[in-house]
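Every chain is numbered from 1, with letters handed out A, B, ... down the list of sequences.
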Amino acid sequence: MGMTMTQKILAAHAGLESVKAGQLIMANLDMVLGNDITSPVAINEFYKNGFDSVFDKDKISLVMDHFVPNKDIKAAQQCKQCRTFAKCFSITNYYDVGDMGIEHALLPEKGLVGPGECIIGADSHTCTYGALGAFSTGVGSTDMAAGMATGKAWFKVPSAIRFRLVGKLNPMVSGKDVILHIIGMIGVDGALYRSMEFSGEGLASLSMDDRLCMANMAIEAGAKNGIFEVDQVTLDYVKDRVNRPFTVYSADEDAEYDEEYVIDLSAIEPTVACPHLPENTKMARELSEIVPDQVVIGSCTNGRLSDMKAAAEIMQGKHIAKGVRCIVIPATQTIYKECIKRGYIDTFIDAGCVVSTPTCGPCLGGYMGILAEDEIAVATTNRNFVGRMGHITSKIYLASPEVAAATAIVGKICDPRDLK
Amino acid sequence: MNVNGRIHKYDDNVDTDVIIPARYLNTADHKELASHCMEDIDADFTKKVKAGDIMVGGANFGCGSSREHAPIAIKHSGISCVIAKTFARIFFRNAINIGLAILECPEASERIENGDEVSVDFDTGVITNLTKNETYQAEPFPEFIKDIIRADGLMNSIGKR
């Protein structure tokens, strides 16, 4: 029996000819990631168990992104602990205020993750790197600690669901709409314990930013990982970024899938996930009575350059509606600088938005945009759970940058194609 | 190994943001995390819970973020075991890795009610509802995972000590 893309990568990293779904394996890791929230727990575990060396100082990434610049004394202490650890073990890829970015935008941008690699990260959205054809999955801090010490992690080999993409996205529709549509279709546990494998001729029309956004939200369908077939778009993206040999794995023709869905990209419309689960999807047009107090454009899901471009083009020459607070957060310093160069930051500020240094801040209700009682947010982030962005009675609608920007302008949830 | 306790029951899709809200993630202190456990969906949980009590959820328990703070908060609140129809995969992994006992059992998840007194035998996977006088069979762990649990968590199983 053939193997899926994920199974092939796992087999190669476990030193096995082949693996099958359900098999328990020990795999070698190409990258172990942690942030300022999850790394302190991992570092405590690492020392508690008497480790005094890391498996490879070049294959660990520590990114201070959740509560930085530090939101309070406790957050500062946590970053200090990470900084000390990174210094002690000469961690090459330690990113702090000044050169940090939101981890899942930063690692692909820096070429720290590449096709065919096996990556774990103590952050659930580590599944983002599947966009590059890597096996990449979120784990907890203990797995991160064990990974830093040994360079290995245990996995149960997942089965897979195949999403065959056909057609082409319409203008003002992006990867966010596709993944929200899919989560709405299969549910928040629709891919539980399994891989979501994306392939088909429709891939060619999806930019790398679209793919990173889609793979990022595989976890919101419960998936172990999301993974995209490698094509010219991938190779163009990693060229000049990934300066080490990598292997491109394709699924076998006789690979077995639990389920297969055909997704017609040309049929996808601007889609919004209503409170309090990402599966509660509706068309943006159906939600025109929803009046947001705050709009957030950014995050590891939608803080990339094409997201900023989409929002800026919609806001160009316009002003956001009275009563709306709009927070824009470019995900990395490189993206931020490019936004300045292209005039997007001027556009945002002239439109009445506030622009922040890269941070996860508001997405997880950390800081930089906490919601008050009964307030409503439209956000390009990834989760709309109870209390996620603030008060437990606040509500979050998840949307694309196009929908979020149009919504900020109109003051009500809006299909960007209806914006005059 | 057996545990016995009163049930705290919740619905489907209990996410890690309600188990331990991110506003408390500026600490890794187990006791402090436990003091905020479940507060956004069950404000009185920390007052009601007694050592040994058991938590029951529906499908996809622990979905959302990878924060290990979530199983840590549950474990240090005194909960001896979590039973659910299904667990989100990162939570499942984290619970095993930190030594919080968890069992998947759709029947138990459906039948057990808030306040029931329940005992669990981890060797056999038998869950006994003492209030309703019923038993349910949970899927026992594979050997590989039992090894991690016997070593009291992943770090001990690979540890230098």
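- Ranked by heavy-atom pairs under 4.5 Å with chain B, the first of A/Val386, A/Asp72, A/Val139, A/Ile392 is A/Val139.
- Expressed to the nearest 0.5 Å, how far SG of A/Cys363 lies from CD1 of A/Ile329 amounts to 9.0 Å.
- For chain B, the option among A/Tyr193, A/Phe46, A/Trp154 with the highest count of heavy-atom pairs below 4.5 Å is A/Trp154.
- In this structure, the portion of A/Gln78 lying under 4.5 Å from any heavy atom of chain B is its side chain and not its backbone.
- Contact annotation for B/Asn94: only side-chain heavy atoms (C-beta onward) come within less than 4.5 Å of a heavy atom of chain A.
- Heavy atoms from other residues, nucleotides or ligands lying under 6.0 Å from CG of B/Asn114 number more than 12.
- Contact residues of residues 39-61 of chain B toward chain A are B/Asp40, B/Ala59, B/Asn60 (heavy-atom distance under 4.5 Å).
- Panel note: side chain A/Glu279, backbone A/Met185; no donor-acceptor pair is recorded below 3.5 Å.
- Residue contact with chain B, scored on non-hydrogen atoms closer than 4.5 Å, involves the side chain of A/Lys71 exclusively.
- Proximity of B/Glu117 to B/Asn4: side-chain heavy atoms (C-beta onward) are separated by under 4.5 Å at one or more points.
- For the side-chain contact (heavy atoms from CB on, under 4.5 Å) criterion with B/His36, the lone passing option out of B/Ile20, B/Ile19, B/Leu25 is B/Ile20.
- Taking A/Ile370, A/Asn44, A/Ile73, A/Val188 one by one and counting their heavy-atom pairs under 4.5 Å with chain B, the maximum is reached by A/Val188.
- Neither the backbone nor the side chain of A/Ala76 has a heavy atom closer than 4.5 Å to any heavy atom of chain B.
- Contacts between A/Ile37 and chain B at a heavy-atom distance below 4.5 Å involve backbone atoms as well as side-chain atoms.
- Interface remark: A/Tyr367 contributes no atoms to any contact with chain B (heavy atom separation under 4.5 Å).
- In this structure, no portion of A/Asn70 lies under 4.5 Å from any heavy atom of chain B.
- Side-chain N or O atoms of A/Asp36 include none that pairs as donor or acceptor with a backbone N or O of A/Cys82 at under 3.5 Å.
- Neither the backbone nor the side chain of B/Phe91 comes within less than 4.5 Å of any heavy atom in chain A.
- For A/Thr128 (side chain) and A/His104 (main-chain N/O), no donor-acceptor pair under 3.5 Å exists by modelled atom type.
- For the set A/Asp143, A/Ile219, A/Thr38, the count of heavy-atom pairs under 4.5 angstrom toward chain B peaks at A/Asp143.
- Proximity of the aromatic rings of A/Phe89 and A/Phe51 is defined here by a centroid distance below 6.0 angstrom, and this criterion is not met.
- Side-chain contact of A/Ser124 with A/Arg383: a donor-acceptor pair under 3.5 Å is present, judged by distance alone.
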Worked verdict on A/Asp123 versus A/Thr126 for side chain to side chain donor-acceptor pair (under 3.5 Å): CA-CA 6 Å; A/Asp123 188 280; A/Thr126 303; 4.9 Å; no
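- Of the N and O atoms on the side chains of B/Thr86 and A/Asp189, not one donor lies less than 3.5 Å from an acceptor on the other residue.
- Heavy-atom distances place both the backbone and the side chain of A/Leu364 under 4.5 Å from chain B.
- The backbone N or O of A/Lys224 sits less than 3.5 Å from a side-chain atom of A/Thr137, completing a donor-acceptor pair.
- Using a 4.5 Å cut-off between heavy atoms, A/Leu277 contacts chain B through its side chain alone, with no backbone atom that close.
- For A/Thr150, the part lying near chain B is the side chain, with the backbone staying farther off; criterion is any non-hydrogen pair under 4.5 Å.
- Atoms CG and CE, on A/Leu29 and A/Met144 in that order, are 12.0 Å from each other to the nearest 0.5 Å.
- Looking at A/Asn382, there are no atoms closer than 4.5 Å to chain B (heavy atoms on both sides), in backbone or side chain.
- Heavy atoms of other residues, nucleotides or ligands lying less than 6.0 angstrom from NZ of B/Lys132 number more than 12.
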